[in-house]
Structure formats: structure tokens, C-alpha cells
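Down below is the structure, laid out as C-alpha cells.
Residues: numbered from 1 along the sequence shown.
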Amino acid sequence: MEIQRALVITGIAVVSYLMIQAWQRDYANPATPTPVEQVADTSGLPGDDLPAPQAEEGTVPDAPVDTAQAPVVDDTPAAAPSARLIEVSTDVLRVEIDPQGGDIVRLALPEFPNHVETPDQPFVLMQEAAGLTYVAQSGLVGKNGTDSSAGRPLWSSASGNYTLRDGDSELNVDLTLKQDNGAEIIKRYTFEQGSYLVRVSHIIRNRGNSDWSGSLYGQIKRDGSEDPGTSKSGFVPMPTYLGAAYWDSEKPYNKLDFDDMQEEPLNLTVNGGWLAMVQHYFVSAWIPDPQQRNHYSSVYLPKRDQYLLRFVSPTVTVEPGEEKALYAEFYAGPKQQDNLAAISGGLDMTVDYGWLWFIAQPIFALLVFLQSGQVSVFGMDIDVGFGVVNWGVAIILLTFIIKAIFFKLSATSYRSMAKMRKVAPEMQRIKEQNKNDRQKAQMETMKLFQREKINPLGGCLPMLVQMPVFISLYYVLLESVELRQAPFFLWINDLSVMDPYFVLPILMGASMFLQTRLNPTPADPMQAQVMKWMPVAFSVFMLWFPAGLVLYWLTNNILSIAQQWVITRNIEKG
């Protein structure tokens, strides 16, 4: 009865959690568009198939399109990148820029190898190749913009290869364009040492005789292909999020998955903020000028199966002889919380720990402290001179600490199980004596529990209290890029993927079998069979789990066995 109740309650809790996750994913309320005082002409954006927004009486639409210059639906096959790409290398980025449009068409991360076995092959976050599109586009639109529905400009550069050398703090890559109206445009990419954040500026030098007018836009174009960051991470029962996200002043973090972008496109205006494409471990994001009200929108191109996520800044006028600069920042790299939080408010929430984030965040901070010996106080990292370096050892130490926190609760659970085991023969005798009177058997059993001071729920309630911690730790180990390709010992050279030889899952199954031997034998033969085969089922289930998660469960089981064995032995002796 004890085990049956524990299983039922645990199952209800897990199913309820999954239902909450599904509800949040499928029925989260979309943000309400905000009126804008200063608006931009968004006609001519590449890939734009949005109709002109209709203003309600007495209001101003978010981003009205000049109906005299309605955008042309860009639903033709994507053009191949120019043969001569501009290559940029820094210590943490390998970028290729297409002069046709001046877009980032390939971005690789040398600090994050694609696979452990090939450390010299960087993970490619963004690229435009056969069957795959994930690029960052930007430009100027409006009356005198560089980009229009008629096409993209061909920018020129002084060199086809740029390198940020050791000792240099930053590198400017300038693309230039001269317009027929006399204006000179400089599109400048600014890269910094050790940074995944790129500043994208458009400098307008009006050498003509009339006003120049236009708006800055930036967009991420991505197809609906699967997340390459999880292709070899093993089976996960609660997969990580893949899709868009954005910041809104009314709600700091909003998800917009691919289905949402098809059914309810984004269309709102906010102060500052950011737009991002999120995947496992990595994120790309446009961060426009925080001092401006920017229009956010999304577009789905069905024939290409591509998604556009973009911002458009307010219209700017540059008088003859005047020079102005429009800028935005673009981030493409790992989801490292400290770096993201310093870039823009709420951007660190792309490291998605789910609705139990308030538990997961302290667990992550403790795990980082155990590994590095650093603790963050008021935004400053303080080194206390202690750190185990190895993430696997840090996970083991973290398990010890969590086990110590719940030591008394676990002891209550194991004490209840030990008492149930001690009175199991008496329970069996009561059942046999009253096999024809089930109600009387239950009453006699309850009297036995009262006499022996046994709480029937004492074994499962502590387990339920600990469940939020276990789920939070699961997300911490799954979501943290710090554990990507982190080695442990011997054959385990990557804690984020499954054990290649299945040693840890087998050991975990063996530890579960030992635990079942310490638990009271269920009176019901069916329950006894279920408990007998449960270690085998869990072992098979864990075969494809990331090794870091299995290491945690194995360590936790070993500590639980030791604690339960001591408690059971003392009670049976007494």
C-alpha cells in the first residue's frame, strides 16, 4: 500500500508538471501591441509579406506601411551567397559576410568544437547552405533606404579578410555604398576581443542637396530545421526550447515558437528590448538602441519554410552636409548567463530553467562555485581560492550538499519504510486472517500502524517535497552550456551526451536494485513484480540520458542506500 500510494502520487505530480509545461508552451497569452508615437516606413523589407496594418479609429498603428509602396511578397527561391565573401576572424568568432546585402551568412564558434573528437572543427551556429538557412540581415529601409523590395545593395570593402590580432581591443569592418542622391553609407561591423557581441552601425553622410530619410532594421532569418545543438545529446524526456523569444516592457521574457509565428505573427512596438532565436546552448539576438521605440514583427514564408524575426527603428532624417549614425548590437554565441545579463535586461532568461527557475538559479550558482571557486556578489566575481575544476566532481559534491539539505526528510521516509518492513509479516497475517473481509483487514492494518507509530504516507511525502529540486537540477544540467563537452574521467569525455559504453546507467540500475531490497516487499504480487522490474526499466530509460544527469542519480542512489541501510538496521535491531 505504501509503495502503491507513492507511485500514484509521484505519477500524478509528474503528469501535472508536464501538463503545466504544455499549457505554457501552447496557450501563453501573446503580448498586446503597443501604440507608437514615431513610426517607420517598413516597406521594402527583404522577405516581407505582411499586409499593411489597419489602424483602429482614434489610434495609431504600430508600424503603418506606405500603401503607395506596398511591399512585394518575397517568396522566390533564396539567392546563393556571393562567391567572394568577406571573412572576419577573432579569438571567439569566425564570421563570413556577404557583400550582397552586407549580411552575416556564416558564423562559427572556435571556442566550442562541433564534437569532442574534432576539437579543430568549430560549431557552426549560423550559415546559409543547401537545405539550411540561418543568417543575420540588416540595412536601411524607407524613402532613401539601401534595401527595398526591388533588391539588396552590393557593398564594397577594402579587403576580403579581416583578423582581430592579439593586443588589439577591437576591429572595424567597413562596407561602403554610394547612392545616386549623393549620400554615402558606411555599414560598420565592430568586433571586440573575447566578445560574442557585434556592434552594427550604419553611418549616413549626406553629401547631396536634399534631406535623406530612412530607418534601420535588423532581422534573423531561419528555416524550421531541427536544433543542431541537440543532435547528439541523447534522448531527453523534456526537450529544450527551439524558437524565437523577445523582450517586452510589459513582460520581460516571451516565447514565440515556429507554430506561433505562422498562426499569430509578432506585431508590437516597445522601448529598446531585444529579439532572439533560441536553441540548445546557443542564442542569436538583435539588441536595438535601448533609447528608441522599435517595431517588432515576424513573418513566415511558407514556400521556403523560413521565419523572419525583425525590428525596425524610427525614421531618421539627415539634412544635407550632416552625418548621423544608426546602430544596433547583434549577439551570436553561448547562453552564458552573466554575459547575457550584462548585454540587455532579460536576455539571460533565454537560459530557460522552466517555471522552477527560482530553485534552479541557486543550484546553478552553487554548481559553478563548486567547479570554479568563484561567487558573484553584486555583479562582481570573487575568487575564494577553491574549485574542483572537473564538472563531474562538482556534480558529485552538489549531490552531497542537496542530500545533506534533505537529510532529515529522507531519514523520515526511510524510517517509515523500515518500520513497514519490520511489520510486513504481521500485515501479511492480518491479510490472510481476513481474506474474505477486506474492510476489516484494512481496519486491523490501520490499528497496527497506530500501535507501531507508522505513518503510511511518511515514505512518499518527503519524496514529493524533493521533487521540485530534482526537476530543477535536471534543467540546470541540461540547459547549462558550461557542461557542454565537459569531461569527467576515463571514458566519459562529455557529460552532456550519453555514456558511450552505458556503464553509468547499468551502475544506476544496480543501485536501484539494492534500494528495492531495502524497501518493504509489497503484499500485492503485481506490485512486487513491478518493483522487481523497475530497476531494469529505469536502466533502459537512462541509457540515452546525458551522462551528467545519470551521474547525479547514481550518486544520489548510493548516498540513499547508505542512509537507508543504517536506519533500517537500527530499527530492525531495536
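Side-chain atoms of Ser313 come within 3.5 Å of backbone N or O of Leu216 as a donor-acceptor pair. Between the side chain of Asp174 and the main chain of Arg188, no donor-acceptor pair closer than 3.5 Å is present. One N or O on the side chain of Asn144 and one on the backbone of Ser213 form a donor-acceptor pair closer than 3.5 Å. With hydrogens and angles ignored, the 3.5 Å screen pairs no side-chain donor or acceptor of Arg484 with any backbone N or O of Ser480. Between the Tyr246 side chain and the Leu309 main chain, no donor and acceptor come within less than 3.5 Å of each other. Remark: side-chain polar atoms of Glu184 are not paired, donor with acceptor, to backbone N or O of Gln179 under 3.5 angstrom. Under a 3.5 Å cut-off, the side chain of Thr133 and the backbone N or O of Asp223 do not form any donor-acceptor pair. Put simply, the side chain of Asn206 gets close to the backbone of Val318: a donor and an acceptor are under 3.5 Å apart. Judged by distance alone, the side chain of Asn114 and the main-chain N or O of Phe123 form no donor-acceptor pair under 3.5 Å. Side chain of Glu329 to main chain of Arg199: no donor-acceptor pair is present (N/O by atom type, distance under 3.5 Å, no hydrogens or angles).
For the pair Lys255 and Tyr241, the distance from NZ or CZ to the six-membered ring centre is under 6.0 Å and the angle to the ring normal is within 45 degrees. For the pair Arg222 and Tyr134, the cation sits on the ring face: its NZ or CZ lies under 6.0 Å from the ring centre, inside 45° of the axis.
Taking Phe364 as the reference, nothing meets the ring-ring contact (aromatic ring centres under 6.0 Å, His included) condition, with sequence neighbours excluded. Every residue two or more places apart in sequence or in another chain that forms a ring-ring contact (aromatic ring centres under 6.0 Å, His included) with Phe112 is listed here: Phe282.
Between Lys143 and Asp211 no salt bridge is recorded (no basic side-chain N to carboxylate O distance below 4.0 Å). At a threshold of 4.0 Å, the pair Glu479-Lys335 counts as salt-bridged, since one of the basic side-chain nitrogens sits closer than that to a carboxylate oxygen.
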Given the rule in the side-chain hydrogen bond (donor to acceptor under 3.5 Å, both in side chains) test, do Thr190 and Asn172 qualify, once you have shown the distances and angles that lead to the verdict? CA-CA 5 Å; Thr190 303; Asn172 288 326; 2.8 Å; yes

Test side-chain hydrogen bond (donor to acceptor under 3.5 Å, both in side chains) applied to Asp494 and His115, step by step: CA-CA 9 Å; Asp494 187 353; His115 302 297; over 6 Å; no

Test log, rule side chain to side chain contact (heavy atoms under 4.5 Å, CB included), inputs Met349 and Leu347: CA-CA 5 Å; Met349 296 177 72; Leu347 190 56; over 6 Å; no

Would Ile395 and Leu477 count as a side chain to side chain contact (heavy atoms under 4.5 Å, CB included) if you check the C-alpha gap in whole Å, the side-chain angles of each, and the deciding distance to 0.1 Å? CA-CA 9 Å; Ile395 291 173; Leu477 299 181; 4.0 Å; yes

Is there a side chain to side chain contact (heavy atoms under 4.5 Å, CB included) between Ile185 and Trp212 once you walk through the steps? CA-CA 11 Å; Ile185 313 294; Trp212 185 98; 4.3 Å; yes

Which is it for Tyr300 and Tyr307 under the ring-ring contact (aromatic ring centres under 6.0 Å, His included) test, yes or no, and what are the steps along the way? CA-CA 5 Å; Tyr300 174 61; Tyr307 302 85; 4.8 Å; yes

Evaluation steps, side chain to side chain contact (heavy atoms under 4.5 Å, CB included), between Ile204 and Val316: CA-CA 10 Å; Ile204 302 103; Val316 173; over 6 Å; no

Test salt bridge (charged side-chain N to carboxylate O under 4.0 Å, His left out) applied to Arg84 and Asp98, step by step: CA-CA 7 Å; Arg84 179 179 170 271; Asp98 187 355; over 6 Å; no

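The CG atom of Leu266 sits 6.5 Å away from atom OG of Ser297, with the distance rounded to the nearest 0.5 Å. In this structure, CZ in Arg106 is found 10.0 Å from CG in Leu85, a value given to the nearest 0.5 Å. Separating the CG atom in Leu495 from the CH2 atom in Trp391 is a distance of 10.0 Å, to the nearest 0.5 Å. Taking CD1 from Ile203 and OG1 from Thr176, the interatomic distance works out to 11.5 Å, rounded to the nearest 0.5 Å. Tyr162 contributes atom OH, which lies 10.5 Å from atom CZ of Phe191 (distance to the nearest 0.5 angstrom). Atom-to-atom distance recorded for Ser298:OG and Leu308:CG is 8.5 Å, nearest 0.5 angstrom.
More than 12 heavy atoms of other shown residues, nucleotides or ligands fall within 6.0 angstrom of atom NZ in Lys324. Atom CG of Asp180 is surrounded by 12 or fewer heavy atoms from other residues, nucleotides or ligands within 6.0 Å. Heavy atoms from other residues, nucleotides or ligands lying under 6.0 Å from CG of Asn209 number 12 at most.
In terms of heavy atoms, Pro122 sits closest to Asp120 at CD-O, 3.4 Å. In terms of heavy-atom proximity, Asp147 sits nearest to Gly139 at OD2-CA, 4.0 Å. Pairing each heavy atom of Thr269 with each of Arg293, the nearest pair is O-NH2, 3.9 Å. When all heavy atoms of Ala328 and Pro288 are compared, the closest pair comes out as CB-CA, 3.9 Å. Annotation for Met126 and Ala136: closest pair CE-N, 3.6 Å, computed over non-hydrogen atoms. For Ile86 against Ser157, the heavy-atom pair with the smallest separation is CD1-OG, 3.4 Å.
Here the side chains of Leu93 and Ser195 are not in contact, with every heavy-atom distance at 4.5 Å or above. At least one side-chain heavy atom of Leu366 sits less than 4.5 Å from a side-chain heavy atom of Leu398. You'll find the side chain of Leu164 reaches within 4.5 Å of the side chain of Gln193, heavy atoms only. Counting only heavy atoms from C-beta outward, the side chains of Met277 and Val283 never approach each other to under 4.5 Å. The shortest side-chain heavy-atom distance between Tyr253 and Thr350 falls under the 4.5 Å cut-off. The shortest side-chain heavy-atom distance between Val476 and Leu367 falls under the 4.5 Å cut-off. Contact check for Gln121 versus Pro113: no side-chain heavy atoms found under the 4.5 Å cut-off. No side-chain heavy atom of Lys303 sits under 4.5 Å from any side-chain heavy atom of Leu301.
The ring-ring contact (aromatic ring centres under 6.0 Å, His included) analysis of residues 318-338, with sequence neighbours excluded, yields the pairs Trp286-Phe330.
With Ser138 as the partner, the side-chain hydrogen bond (donor to acceptor under 3.5 Å, both in side chains) test is satisfied by one option alone out of Arg310, Lys187, Gln219, His202: Lys187.
Aromatic rings from Phe311 and Tyr217 are positioned such that their centres are separated by 6.0 Å or more.
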